[in-house]
Amino acid sequence: MVERMNVKKYKGSYTVEMALLSGIWLLVIFASLLLLIGTYTRIRDTASLIEAAVYGSSCAVSRSGNGVQEAASRLQGQEDYFSITGSKREITASFSHTIRIPFGNLRWQQNKTIKSKVIRPVLFIEKVQKARNLIHAAKDP
């Protein structure tokens, strides 16, 4: 009987511990959600950027098409994030996006630049054949 009197009862101790840990759990959950949303946004914007750059460079293969305008038309309505520049040989597409995190005025700056070369297959094949002919001519005395 004496032993039972020495045992102290801590009623409500689990409630206090869970109240202290709930803030940490909420921080982990919201940080994970913000990381997922930011990663998804970057993947989506990068995919749109690559699609526009490749589409523009494939339209520029024919000499009548303007690759920069075609690439910009793919991103129509999203001009505030994306910018398309380039020439007849290369198209450069980039985006700059800031995700605001609602804690301590934090910001996640996302930037990406994609370059897509305009390759004309007929001209490339002709250059390779000319190089081969020169090599064969140099080997044969």
Side-chain angles (χ1 to χ4, degrees), residues 1-140:
M1 191 106 140
V2 175
E3 292 177 9
R4 283 191 176 183
M5 295 177 109
N6 289 337
V7 176
K8 295 180 181 179
K9 296 184 180 180
Y10 295 107
K11 290 187 176 181
S13 65
Y14 290 118
T15 305
V16 173
E17 290 171 1
M18 287 301 124
L20 293 174
L21 290 177
S22 65
I24 295 171
W25 282 108
L26 286 174
L27 178 67
V28 168
I29 289 170
F30 284 115
S32 299
L33 286 173
L34 286 171
L35 180 65
L36 287 172
I37 289 170
T39 304
Y40 171 74
T41 303
R42 182 174 178 95
I43 290 170
R44 184 194 62 204
D45 290 345
T46 304
S48 298
L49 196 67
I50 291 171
E51 179 184 351
V54 170
Y55 180 74
S57 65
S58 65
C59 287
V61 169
S62 65
R63 294 186 190 267
S64 62
N66 187 351
V68 176
Q69 289 178 352
E70 294 294 330
S73 69
R74 285 295 256 203
L75 298 173
Q76 194 171 13
Q78 302 173 356
E79 289 86 12
D80 49 338
Y81 294 138
F82 299 100
S83 67
I84 306 289
T85 58
S87 63
K88 293 180 179 180
R89 294 182 172 241
E90 183 178 73
I91 294 177
T92 304
S94 63
F95 76 84
S96 179
H97 185 269
T98 302
I99 297 174
R100 292 188 181 119
I101 300 171
F103 178 74
N105 200 16
L106 296 174
R107 290 187 166 92
W108 185 357
Q109 183 69 31
Q110 296 179 344
N111 299 320
K112 188 68 176 176
T113 301
I114 301 291
K115 293 183 179 184
S116 180
K117 298 267 185 195
V118 177
I119 298 174
R120 293 186 172 85
V122 174
L123 297 176
F124 180 74
I125 292 171
E126 287 175 355
K127 287 179 185 178
V128 170
Q129 287 177 346
K130 286 179 185 178
R132 285 183 184 163
N133 291 338
L134 285 174
I135 291 172
H136 289 298
K139 285 184 180 178
D140 296 332

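Throughout, residue positions are numbered sequentially from 1 according to the sequence presented.
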* Derivation and outcome, side-chain contact (heavy atoms from CB on, under 4.5 Å), residues N66 and E70 -> CA-CA 6 Å; N66 187 351; E70 294 294 330; 5.6 Å; no
* Asked: Are side-chain heavy atoms of K112 and D45 found at a separation under 4.5 Å?
  -> no
Rounded distance (nearest 0.5 Å) linking atom [atom1] of [X] with atom [atom2] of [Y]:
X    : Y    : atom1 : atom2 : answer
T98  : Q109 : OG1   : CD    : 3.5 Å
L36  : T41  : CG    : OG1   : 10.5 Å
T92  : K117 : OG1   : NZ    : 8.5 Å
L49  : R42  : CG    : CZ    : 10.0 Å
L134 : H136 : CG    : NE2   : 10.5 Å
R100 : N105 : CZ    : CG    : 8.5 Å

Counting only N and O atoms by type, is there a donor-acceptor contact under 3.5 Å from the side chain of [X] to the main-chain atoms of [Y]?
X    : Y   : answer
Q110 : G38 : yes
T46  : I43 : no
S57  : V54 : yes

Of the non-hydrogen atoms in [X] and [Y], which two are nearest, and what is the gap between them?
X    : Y   : result
I91  : S87 : CG1-O, 4.4 Å
I84  : L75 : CD1-CD1, 3.6 Å
W108 : L34 : CZ3-O, 3.9 Å
A52  : A71 : O-CB, 3.3 Å

* Heavy-atom neighbours of R44 CZ exceed 12 at 6.0 Å -> yes
* Take E17 and L20 through the test side-chain contact (heavy atoms from CB on, under 4.5 Å) and record every step on the way to the result. => CA-CA 5 Å; E17 290 171 1; L20 293 174; 5.8 Å; no
* side-chain contact (heavy atoms from CB on, under 4.5 Å) between I37 and I99: does it pass, once the steps are laid out? -> CA-CA 9 Å; I37 289 170; I99 297 174; 5.6 Å; no
